[in-house]
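Atom set for the values below is all heavy atoms of this structure, side chains included, hydrogens, waters and symmetry mates excluded.
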There are 2 protein chains.
Amino acid sequence: MLIQTDFRQQAHPSRADGFVVSALLAHARPCAVTLYAENSVIYAQGDAAGPLYLVEFGAVRLCRLTADGRRQISAFHFAGEVFGFEFDAEHHHFAESVDSAGIRLLRRAVDDHLAESVLPLALRNLSRAQDHLLVLGRQNATEKIAAFLLDLAERQDADTLLSLPMQRTDIADYLGLTFETVSRILRKLKDARIIQLPTIKQVEVINLPALERLCG
Amino acid sequence: MLIQTDFRQQAHPSRADGFVVSALLAHARPCAVTLYAENSVIYAQGDAAGPLYLVEFGAVRLCRLTADGRRQISAFHFAGEVFGFEFDAEHHHFAESVDSAGIRLLRRAVDDHLAESVLPLALRNLSRAQDHLLVLGRQNATEKIAAFLLDLAERQDADTLLSLPMQRTDIADYLGLTFETVSRILRKLKDARIIQLPTIKQVEVINLPALERLCG
DNA sequence: CGAATTATTGAAACATGTCAAGGATCGTGG
DNA sequence: CCACGATCCTTGACATGTTTCAATAATTCG
């Protein structure tokens with residue numbers, strides 16, 4: 001946590017959730033935005049849960065670890081998305097900023113109409129998690145990467161040039177692969193003229209239909 | 001859908017969710033219970049979503065398919081649990097009874113305090129899905145089966161003798177394995193004197209600590 | 001009892017992981 | 001601005017866990 005600024009007037013680059021997020025902001029007691037540097041911990045496993053978190057800009061990852069240190073990233077969250085939901089009083093994940101990210105804390109207002117605007121956001125996150133179950137359980141490495149890129153494309157509203165704020169290890173831990181495999185599959189898609197890799201943190205989709213066909 | 005009976009007085013064998021489910025029933029307009037025979041469709045992908053479903057007895061599976069027919073079971077639901085959540089107006093899964101199951105339909109009451117009692121249940125399902133992401137993404141076949149059995153043990157309130165209402169293919173499609181691998185791992189656990197298989201649909205845990213150690 | 005379904009088991013194939021080396025990129029300090 | 005070290009990424013060769021294919025056994029249902 002580095003700086004506190006007030007971005008209250010800032011437009012949300014959110015898409016489908018924009019309407020719901022607005023409703024939420026109307027009922028919550030929005031605080032100032034906190035700026036997190038790359039790889040900062042936003043909350044840790046075991047921390048008290050309660051407030052929600054709205055990504056103003058940047059990207060966030062939600063992680064869990066096994067006893068022997070293997071990591072699973074349950075979700076990435078981008079600008080306009082809300083995270084921090086727990087069914088009990090304690091966080092079961094830890095949340096970290098991927099790149100430099102601005103996060104607005106949403107505390108529950110006293111008049112608790114909050115639940116009504118919170119539910120759709122929780123259900124959206126549930127739906128995303130369920131989509132991801134299919135990817136992890138039943139898709140091979142190529143299909144996983146293709147699904148990941150298409151999801152990014154949709155959430156970035158960018159048809160062709162995607163930014164990959166996270167590093168290869170993050171992608172691997174999100175998709176249940178190793179970073180070597182992520183690297184190899186990206187290479188394969190590049191060789192197949194489906195994507196290009198202008199920089200290490202950018203992907204340009206040059207054959208979207210082919211990418212969609214790869215998704216299984 | 002076969003028979004309509006009214007089980008309204010029946011006690012719920014639910015554990016952690018029991019309190020929340022009671023609150024939900026108080027606000028919803030509970031209908032009679034519908035009895036589904038084995039492998040009946042409760043709702044299909046694309047059906048209109050809206051009402052929730054409470055499992056009175058039996059077991060339910062939520063499934064998705066890839067274009068080429070691979071299946072992922074997102075969740076099993078047992079007595080006392082609620083399913084059917086969607087963030088939009090349409091079902092993204094299909095729900096089927098595993099064995100003979102009784103399902104109560106919960107329609108939204110006019111006074112919509114419903115959201116407040118629904119949110120905890122949605123969050124519980126989100127939490128389960130997230131737990132399962134770790135299993136699918138980062139655990140090997142043995143760990144997956146161990147985690148599955150321990151989850152069953154917890155939800156059945158049975159320390160030692162578990163019933164497996166679903167067949168091997170269902171377990172496989174839930175854990176991202178093939179049914180042959182499920183069979184082999186069960187055999188391995190049996191040979192290691194961690195479980196016994198008195199019948200094809202029962203597992204007796206005879207070394208619980210060992211099973212817990214296997215979970216990673 | 002017999003047929004159909006479901007489960008078990010084995011052998012071989014394959015996708016992904018592991019280990020290892022080299023190359024690119026980034027940040028820092030001279 | 002360049003050089004250096006650290007980190008991250010790429011690529012290759014080999015190992016391995018899981019799948020695939022196939023045959024047999026057990027179970028269920030009519």
request  = Quick one: sort the A/Y43 and A/H91 rings into parallel, tilted or perpendicular, breaks at 30° and 60°.
outcome  = parallel

task = Mind calculating the distance between CG (A/L177) and C1' (D/dC9) to the nearest angstrom?
result = 16 Å

task = Rounded to the nearest angstrom, tell me the gap between atom NZ in B/K201 and atom P in C/dA7.
result = 7 Å

query = When you check the phosphate oxygens OP1 and OP2 of C/dT8, does a side-chain N or O of B/R184 lie under 4.0 Å from one of them?
reply = no

query = Given the rule in the salt bridge (Lys or Arg N to Asp or Glu O under 4.0 Å) test, do B/R168 and B/D170 qualify, once you have shown the distances and angles that lead to the verdict?
reply = CA-CA 5 Å; B/R168 301 292 186 264; B/D170 287 337; over 6 Å; no

query = In whole angstroms, how far is the P atom of D/dT7 from the CD atom of A/E38?
reply = 14 Å

task = Verify the contact: side-chain N or O of B/T178 to OP1 or OP2 of D/dT18, cut-off strictly under 4.0 Å; return yes or no.
result = no

inquiry  = I want to confirm an ordering. Mapping B/G176 and A/S183 to their closest nucleotides on DNA chain D, which one lands closer to the 5' end?
reply    = A/S183

request  = Counting heavy atoms from C-beta on, name the nucleotide in C/dC19, C/dT16, C/dT9 closest to the side chain of A/E180.
outcome  = C/dC19

key: Verdict with reasoning, B/R138 to A/D173, per salt bridge (Lys or Arg N to Asp or Glu O under 4.0 Å)   = CA-CA 8 Å; B/R138 285 289 174 236; A/D173 286 350; 2.8 Å; yes

key: Atom-to-atom span, CD1 of A/I171 to C1' of D/dT10 - whole angstrom   = 14 Å

Nearest-nucleotide comparison on DNA chain C, the residue closer to the 5′ end among A/A141 and B/N39 = B/N39

ask   = For B/K188 and C/dT8, what is the distance between atoms NZ and P respectively, to the nearest whole Å?
value = 16 Å

key: Candidate nucleotides C/dG17, C/dT9, D/dT18, ranked by approach to the side chain of B/R187 - the nearest   = C/dT9

inquiry  = Surrounding NZ of B/K188 (heavy atoms of other residues, nucleotides or ligands, distance under 6.0 Å), is the total greater than 12?
reply    = no

remark   = Closest to the side chain of A/I200, out of C/dT8, D/dC9, C/dT16, is D/dC9

request  = Among D/dT11, C/dT16, C/dA7, find the nucleotide with the atom closest to the side chain of A/N140.
outcome  = C/dT16

message = Measure CG/A/L186 against P/D/dT11 and give the value in whole Å, please.
response = 10 Å

query = Tell me: CD of A/Q167 to C1' of D/dT7, nearest whole Å?
reply = 9 Å

ask   = What's the CZ-P distance between B/F179 and C/dT5, to the nearest Å?
value = 14 Å

ask   = Is there a donor-acceptor contact under 3.5 Å linking the side chains of A/N39 and A/R61?
value = yes

